[in-house]
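See below for the structure under consideration.
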Amino acid sequence: MASSPRIALHWQILIGLIAGILVGLAINTMWNAETWASMGIDDPASWIDHTKEPAIENANANPSFIARTALFVHNLNNFVGDLFMRGLRFIAVPIVVFSLIVGASSLNDLAKLRRIGTKTIAIYLATTAIAISVGLLFANIINPGSFVSEETRDGFAAQFGDQAKAKINAAQAPDIWDTVLNIVPKNPFNAIAEGNMLQVVFASLLVGIALTLIKREKATLVISFFDAMTDVIIKVVEIVLIIAPYAVFALIVEQIAQMGLDVLGALAAYCLVVVAGLLTMMLVVYPIGFKLIAGVGYGRFFKAISPAQLLAFSSASSSATLPVTMECCEQRLGIKEEVSSFVLPIGATINMDGTALYQGVAAVFIAQLYDMDLSIAQQLTIVLTATLASIGTAGVPGVGMIMLVIVLQSVGIPLHGIAVILGVDRILDMCRTSCNITGDAMVCAVVASSEGAIESPEQVAARLAHPFDEDPVDKGRLDN
Ligand code: ASP
């Protein structure tokens, strides 16, 4: 069936994103307490919080029609954003289970599995260590701590102190034995139900490997089942993606309207160092790795994974973005499923280059705020602990900051410094998550090309030109 020409999905998402940022900024700057008061709302916080008592009773005066409309639009906006995130979370666990079982079992001999597994983990660790080093380098050269006055620091510490305490309490210093032991679930179904990704990855890999060790005719049956289920889940991804552009708008508006630019301005130097580091990874380090190892043009790569990058940015969750990352790598880049279904779920769980870089910069920044000089040995400790902390970071919003506590503790940097950077964490979370999934996809492409498991641009174009194999991501809708 010929489909009518439409804007490609990544452009639709980008438009949603930019529109959301603009509207969010407009709300943040123009809609204040007086605006609410003029509409008869004295207590805007409880008016818009539908979890509290009936909102109308919280308003002292009679709310106007505009106030009711604003409340409705706000609720609708949150509904669309939450619906999309629910959809993505719905997919995240099944896709890891199904694709890893198929991925591990289709690398049908253990030697191949070991080879690809070793390559994947080695490159993941190397890129993470490089990312932290880039972060540390930038932070040491630019010295973002010197741009923040003591009053600003103390002001933020007072404003965000309580929230920071909650984060600090949430972080537990890992015991290496427990950490490793905890990868093995006591009950795999429990791990699936709770969405404990590291355990889910472990259990799925184990089942996949075991499938290669039993009689082929029996294994084939099970593998075909999971293979078909992977296809089913990919279809669900297409369905969920229909609302992606609206959802991206909804998610961004909320964040920007709440945060505004004030906090961002005060911590501009710190934010710029993190963003410059992330861009260096995405635009310099990965392309070099590509040029040296993979035969894929970086432009082609970047274009192919852009929908996943934009979704990672707006959702701040690599786990939730995983189905789209897989779709982009397989459909748009032509990576064979046997590699992508193995490399990507592991990457979304343990490979967090952006998070590691951010933790390095944040540690040095907080140290600078408190006039602490970090020795080379301390910076090396940061490289080590941030690598481990990023592995332990779950691919959901905000966890990178909780794991930062462990990095700070390892070199004795004051933990309450977290309060200073808390106000800008979400925006940096969005940026680092984009880098996280770019790193996963990059390693996937590198491993695939070293295994000869990636199509040439001509093959991808030919496949996408075929009406029945049309690229579902770009198509962005269902028409069959
Ligand atoms: N949100 C990040 C991710 O999902 C993790 C983090 O750094 O907080 O990849």
Side-chain angles (χ1 to χ4, degrees), residues 81 84-86 88-89 91-93 95-96 124 127-128 131-132 134-135 163-164 166-168 170-171 195-198 200-201 248 251-252 254-255 259 270-271 273-275 277-278 281-282 286 305 308-326 328 343-363 365 382 385-408 418 421-444:
F84 182 65
M85 289 310 292
R86 248 173 209 263
L88 289 180
R89 294 220 178 94
I91 304 161
V93 173
I95 203 160
V96 170
Y124 275 156
T127 51
T128 304
I132 309 166
V134 168
Q163 285 180 47
K167 303 258 175 207
I168 294 169
N196 183 327
M197 283 303 187
L198 222 45
V200 172
V201 165
V248 164
L251 294 167
I252 290 289
E254 187 71 13
Q255 295 301 329
M259 186 183 67
Y270 160 68
C271 294
V273 173
V274 176
V275 173
L278 296 174
M281 286 305 291
M282 295 207 277
Y286 295 154
I305 63 157
Q309 289 173 320
L310 292 168
L311 280 186
F313 183 79
S314 41
S315 67
S317 169
S318 342
S319 279
T321 312
L322 174 65
V324 185
T325 318
M326 291 185 73
C328 290
V343 177
L344 289 174
I346 297 181
T349 315
I350 66 164
N351 182 50
M352 309 262 168
D353 296 349
T355 299
L357 184 146
Y358 144 84
Q359 287 170 338
V361 176
F365 175 70
I382 293 179
T385 38
T387 304
L388 297 176
S390 69
I391 292 174
T393 301
V396 287
V399 183
M401 169 167 259
I402 295 176
M403 300 305 273
L404 172 65
V405 173
I406 293 157
V407 179
L408 298 182
I418 288 206
I421 56 171
L422 212 136
V424 285
D425 190 61
R426 178 62 187 214
I427 190 98
L428 295 182
D429 195 1
M430 290 160 29
C431 301
R432 64 190 187 241
T433 308
S434 280
C435 179
N436 288 345
I437 69 103
T438 308
D440 299 341
M442 187 297 277
V443 175
C444 184

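It should be emphasised that the depicted structure is a prediction, and the values quoted were computed from it without experimental measurement. Computed over heavy atoms, backbone and side chain alike; hydrogens, waters and symmetry mates excluded. In this chain, numbering begins with 1 at the start of the sequence shown. Just follow the structure's listing: the first ligand is 1, and inside any ligand the first atom is 1.
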Side-chain donor/acceptor of Y124 to backbone N/O of G439, under 3.5 Å: no
Donor-acceptor pair between T438 and Q309 side chains, under 3.5 angstrom: yes
Residues N436 and Y358: side-chain donor-acceptor under 3.5 angstrom: no
All side chain to side chain donor-acceptor pair (under 3.5 Å) counterparts of T433, not counting sequence neighbours: D429
Set of residues satisfying side chain to side chain donor-acceptor pair (under 3.5 Å) with respect to T325, sequence neighbours excluded: none
Taking a 3.5 Å cut-off between nitrogen or oxygen atoms, can you list every pair linking ligand 1 to the protein, with distances?
| unit_1 | atom_1 | unit_2 | atom_2 | d |
| --- | --- | --- | --- | --- |
| ligand 1 | 1 (N) | A316 | O | 2.9 |
| ligand 1 | 1 (N) | V396 | O | 3.2 |
| ligand 1 | 1 (N) | D429 | OD1 | 2.7 |
| ligand 1 | 1 (N) | T433 | OG1 | 3.1 |
| ligand 1 | 4 (O) | S318 | N | 2.8 |
| ligand 1 | 4 (O) | S318 | OG | 3.1 |
| ligand 1 | 4 (O) | G395 | O | 3.2 |
| ligand 1 | 4 (O) | V396 | N | 3.4 |
| ligand 1 | 7 (O) | T355 | OG1 | 2.7 |
| ligand 1 | 7 (O) | R432 | NE | 2.6 |
| ligand 1 | 7 (O) | R432 | NH2 | 3.4 |
| ligand 1 | 8 (O) | V399 | N | 3.2 |
| ligand 1 | 8 (O) | G400 | N | 2.7 |
| ligand 1 | 8 (O) | D429 | OD1 | 3.3 |
| ligand 1 | 8 (O) | R432 | NH2 | 3.1 |
| ligand 1 | 9 (O) | S318 | OG | 2.3 |
| ligand 1 | 9 (O) | N436 | ND2 | 2.8 |

Identify every side-chain donor-acceptor pair in residues 392-408 under 3.5 Å, counting partners at least two apart or on other chains, and give the distances.
| unit_1 | atom_1 | unit_2 | atom_2 | d |
| --- | --- | --- | --- | --- |
| T393 | OG1 | A389 | O | 2.7 |

